[in-house]
J.: 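A single structure is presented below for examination.
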Amino acid sequence: MKIQLIGLGNVGRSLVELIAEKKALLKSHGHTINIVSVSDSKGSANDKEGLSPEEILKFKKLEWKGFPKYCKDYSASRAITQVESDAVV
């Protein structure tokens with residue numbers, strides 16, 4: 001399943017942490033969750049193959065500095081319309 005996350009506050013961050021923690025369990029049951037887009041108030045990071053939950057958490061703490069997949073001013077509404085996904089959270 002390809003998902004987009006809008007916001008990385010407490011709920012969004014906790015979901016990313018949960019996906020990272022349960023990735024192996026999900027896979028063992030035949031499920032995969034790929035985070036293809038994550039947006040905050042300043043921009044979005046996108047990857048049609050999926051962003052690593054660990055990278056998302058790491059680079060969000062660094063305010064996305066050094067993360068080439070993050071585009072400042074790429075709004076959540078733009079990501080929703082341009083990035084293919086199965087769900088938006």
J.: Measure the spacing between CZ of Phe59 and OG of Ser52 and express it to the nearest 0.5 Å.
T.: 9.5 Å
J.: Let me confirm one number: the NZ-CD distance from Lys65 to Glu63, rounded to the nearest 0.5 Å.
T.: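 Those atoms lie 4.5 Å apart.
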J.: Taking all non-hydrogen atoms of both residues into account, name the closest pair between Trp64 and Leu8 and its distance.
T.: CZ2-CD1, 3.7 Å
J.: Please answer: with hydrophobic residues joined when any side-chain heavy atoms are less than 4.5 Å apart, are Ile33 and Leu25 in the same cluster?
T.: no
J.: With side chains defined as the heavy atoms from C-beta onward, is the minimum distance between Ile80 and Gln4 less than 4.5 Å?
T.: yes
J.: Using the rule that two of Ile, Leu, Val, Met, Phe, Trp, Tyr join whenever any of their side-chain heavy atoms come within less than 4.5 Å, decide whether Leu26 and Val16 are in one cluster.
T.: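 Result: yes, single cluster for both.
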J.: Measuring from atom OG of Ser85 to atom CD1 of Ile35, what distance do you get when rounded to the nearest 0.5 angstrom?
T.: 12.0 Å
J.: Side chains of Leu15 and Val89: does their closest heavy-atom pair fall under 4.5 Å?
T.: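 Touching, per the 4.5 Å side-chain cut-off.
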J.: Could you state the interatomic distance from CG (Asp40) to CD1 (Ile56), rounded to the nearest 0.5 Å?
T.: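 One finds 11.0 Å between CG of Asp40 and CD1 of Ile56.
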J.: Of the non-hydrogen atoms in Ser37 and Val83, which two are nearest, and what is the gap between them?
T.: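 Minimum heavy-atom contact is CB-CG1, 4.1 Å.
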J.: Contact between Ile3 and Met1 at the side-chain level, heavy atoms closer than 4.5 Å - yes or no?
T.: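 Ile3 vs Met1: side chains touch.
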J.: Output the distance between atom CG (Asn46) and atom CD (Glu84), rounded to the nearest 0.5 Å.
T.: 13.0 Å
J.: Taking C-beta and beyond as the side chain, do Val36 and Lys48 meet within less than 4.5 Å on heavy atoms?
T.: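 SC-SC contact between Val36 and Lys48 ruled out.
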J.: Of all heavy-atom pairs between Ala45 and Leu51, which one has the smallest distance, and what is that distance?
T.: O-CD1, 3.4 Å
J.: Is there a side-chain contact between Asp73 and Lys42 in this structure, where contact means two heavy atoms from C-beta onward sitting under 4.5 Å apart?
T.: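 In short, these two side chains do not touch, never coming nearer than 4.5 Å.
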J.: Please tell me whether Leu5 and Leu62 are part of a single hydrophobic cluster in this structure, the criterion being side-chain heavy atoms less than 4.5 Å apart.
T.: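 Yes, Leu5 and Leu62 fall within the same hydrophobic cluster.
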J.: Tell me, do Glu17 and Leu57 make a side-chain contact under 4.5 Å, heavy atoms counted?
T.: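 Side chain of Glu17 against side chain of Leu57, heavy atoms only: contact under 4.5 Å found.
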J.: What is the minimum heavy-atom distance between Ala79 and Ser44, and which atoms define it?
T.: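 That closest heavy-atom pairing would be CB-OG, 4.1 Å.
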J.: Could you tell me whether the side chain of Lys23 reaches within less than 4.5 Å of the side chain of Pro53, counting heavy atoms only?
T.: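 Heavy-atom side-chain distance check passes, below 4.5 Å.
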J.: Hey, are the side chains of Glu55 and Phe67 touching, using non-hydrogen atoms and a 4.5 Å cut-off?
T.: yes
J.: Using a strict 4.0 Å threshold on nitrogen-to-oxygen distance, state whether Asp86 and Lys2 make a salt bridge.
T.: no
